[in-house]
Amino acid sequence: MTVLLSAFGIVLLGAFAQAISGFGYALLTVPLLAAVIDPRSAVVLSALTGIGLTLTVAVRERGHARWRVAAALNATALLGLPAGLLVLTYAPQWLLSVLIAVVVLGCVALVASGARIRTGRLGLGAVGVLVGVLTAATGTNGPPLVAAFHSLGYDPRTFRATLAATFSGTGLIGLAGFLLAGQVHAELVWISLVALPAVPLGWWLGNRLFHRIDPVVFRRIVLVGLLGSAGAALASLAG
C-alpha cells in the first residue's frame with residue numbers, strides 16, 4: 001500500500017511539472033520512484049505512466065509543435081536505443097542511480113549556464129541518438145531536448161508542444177524496447193494502473209498555471225524544477 005500511495009503522489013507531481021514546463025515528468029518521477037522501488041523498475045514505471053500524458057498533449061497541442069524536428073529526433077533516437085537497453089538490462093542498480101543523477105545535474109548545468117548547442121542537422125542528429133540512449137537507460141531523456149529547444153529559441157507553448165511530440169515517439173519506442181528486453185512485468189503494470197489517475201489530475205492542476213506564466217518566469221520554473229529533480233536524484237543515490 002505504501003508503494004502504491006507513493007507512486008500515485010510521485011506521478012501526480014510529475015504530471016504537474018510537465019504541464020507547467022513542458023518536461024520534467026521523468027526527471028522527477030524516475031529518481032523519486034527509484035527511492036521507493038529500484039532504479040530499473042522506476043525507469044519502466046515512469047514510461048508506462050507517462051506515455052498517455054505525452055500522447056494526449058501532443059494531439060491537443062499539435063498546432064504549436066514543430067513536427068519535422070520531432071520526427072528527425074525520433075528517427076535518430078532509434079540508433080541509440082539498443083545501447084540504452086544494454087545499460088538498463090546489465091548495469092548494476094547503483095550505476096543506474098549514478099547515471100540518473102548525472103543526467104539531471106547535467107540538465108541543470110545546461111539551463112543555468114544558458115549554454116547553446118548546435119541545432120543543425122548534425123547537431124540535432126547527435127541529440128537524437130543521445131535521447132535514444134537515455135530513453136532506455138535512465139528514462140530521463142529530457143535534458144538534451146531542453147538544451148536543443150532553448151537553443152532554437154522556442155516560446156513556451158512551442159517548447160511544450162514540440163517536447164510532447166518528441167516524447168510521444170520516444171515513449172512508444174522505449175516501451176517497445178522494454179517489452180522486447182523483458183523489463184515489463186505484472187507488478188509494474190499493476191502499480192502503473194493504480195497511479196494512472198494521478199496523470200490527468202496533475203496535468204489539470206499544472207495547466208491552470210501554465211497559461212498565466214510569462215516567458216521569463218517560465219525559464220525560472222524550468223531551472224528551479226531541474227534543481228529539485230537533481231536534489232531528488234542525489235537523495236535517491238545516497239539512500
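Numbering of residues begins at 1 and proceeds along the displayed sequence.
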Report the C-alpha separation of F149 and T158 in whole Å, then their side-chain angles, then the decisive distance to 0.1 Å, and conclude whether the side-chain contact (heavy atoms from CB on, under 4.5 Å) test is met.
-> CA-CA 9 Å; F149 293 169; T158 301; over 6 Å; no
Apply side-chain contact (heavy atoms from CB on, under 4.5 Å) to the pair T138 and V87, showing each step before the final yes or no.
-> CA-CA 9 Å; T138 67; V87 173; over 6 Å; no
Take N74 and L78, measure what side-chain contact (heavy atoms from CB on, under 4.5 Å) needs, and give me the verdict at the end.
-> CA-CA 7 Å; N74 278 295; L78 284 168; over 6 Å; no
List the steps and the verdict of side-chain contact (heavy atoms from CB on, under 4.5 Å) for F178 and L188.
-> CA-CA 12 Å; F178 296 148; L188 283 179; over 6 Å; no
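In this structure, OG1 in T135 is found 11.0 Å from CG in L172, a value given to the nearest 0.5 Å. To the nearest 0.5 Å, atom CG of residue L32 and atom CD1 of residue I10 are 5.0 Å apart. Within the model, atoms CG of L196 and CD1 of I51 stand 11.5 Å from one another, a figure rounded to the nearest 0.5 Å. Taking OG1 of T166 as the reference point, atom CG of N141 lies at 9.0 Å (rounded to 0.5 Å). How far CG of L12 is from OG1 of T29: 12.0 Å, rounded to the nearest 0.5 Å. Of the inter-residue distances, the one linking L28 atom CG with T140 atom OG1 reads 11.0 Å to the nearest 0.5 angstrom.
Other residues sharing a hydrophobic cluster with L79 under the 4.5 Å side-chain heavy-atom criterion for ILVMFWY residues are V129. Apart from Y90 itself, the hydrophobic cluster it occupies contains L86, where clustering links Ile, Leu, Val, Met, Phe, Trp and Tyr at side-chain heavy-atom distances under 4.5 Å.
Grouping the Ile, Leu, Val, Met, Phe, Trp and Tyr side chains by contacts below 4.5 angstrom, directly or via other members, places V189 apart from F8. Following chains of ILVMFWY side-chain contacts shorter than 4.5 Å, one cannot reach L73 starting from V133, and the two form parts of different hydrophobic clusters. Note on W190 and L179: same hydrophobic cluster, where clusters join Ile, Leu, Val, Met, Phe, Trp and Tyr whose side-chain heavy atoms are under 4.5 Å apart, directly or indirectly. Under a hydrophobic-cluster definition in which Ile, Leu, Val, Met, Phe, Trp and Tyr are linked whenever side-chain heavy atoms come within less than 4.5 Å, directly or via other members, L53 and V59 are assigned to different clusters. At a threshold of 4.5 Å between side-chain heavy atoms, the hydrophobic network of Ile, Leu, Val, Met, Phe, Trp and Tyr places V127 and V146 in one connected group.
Here the closest non-hydrogen pair linking A181 and T89 is CB-OG1, 4.2 Å. Considering all non-hydrogen atoms of both residues, V36 and S6 come closest at CG2-CB, 3.9 Å. Across all non-hydrogen atoms, the minimal contact from A137 to L88 is O-CD1, 3.8 Å. Between T170 and A77, the shortest heavy-atom distance links the atoms CG2-CB, 4.2 Å. Across all their heavy atoms, L33 and S46 have their closest contact at CD1-N, 4.2 Å. V57 and A164 get closest at one heavy-atom pair: CG1-CB, 3.5 Å.
Evaluation of the side-chain contact (heavy atoms from CB on, under 4.5 Å) rule for E187 yields H185, I191 as partners, not counting sequence neighbours. Every residue meeting the side-chain contact (heavy atoms from CB on, under 4.5 Å) condition with L81, not counting sequence neighbours, appears here in chain and number order: L85, A136, I173.
Note on residues 47-61: pairs passing side-chain hydrogen bond (donor to acceptor under 3.5 Å, both in side chains), not counting sequence neighbours, are Y25-T49, E61-R157, E61-R160. Here side-chain hydrogen bond (donor to acceptor under 3.5 Å, both in side chains) pairs that include residues 31-40, with residues two or more places apart or in two chains, are D38-S41.
Judged by distance alone, with hydrogens and angles left aside, the side-chain atoms of T162 form no donor-acceptor pair with the main-chain N or O of F159 at under 3.5 Å.
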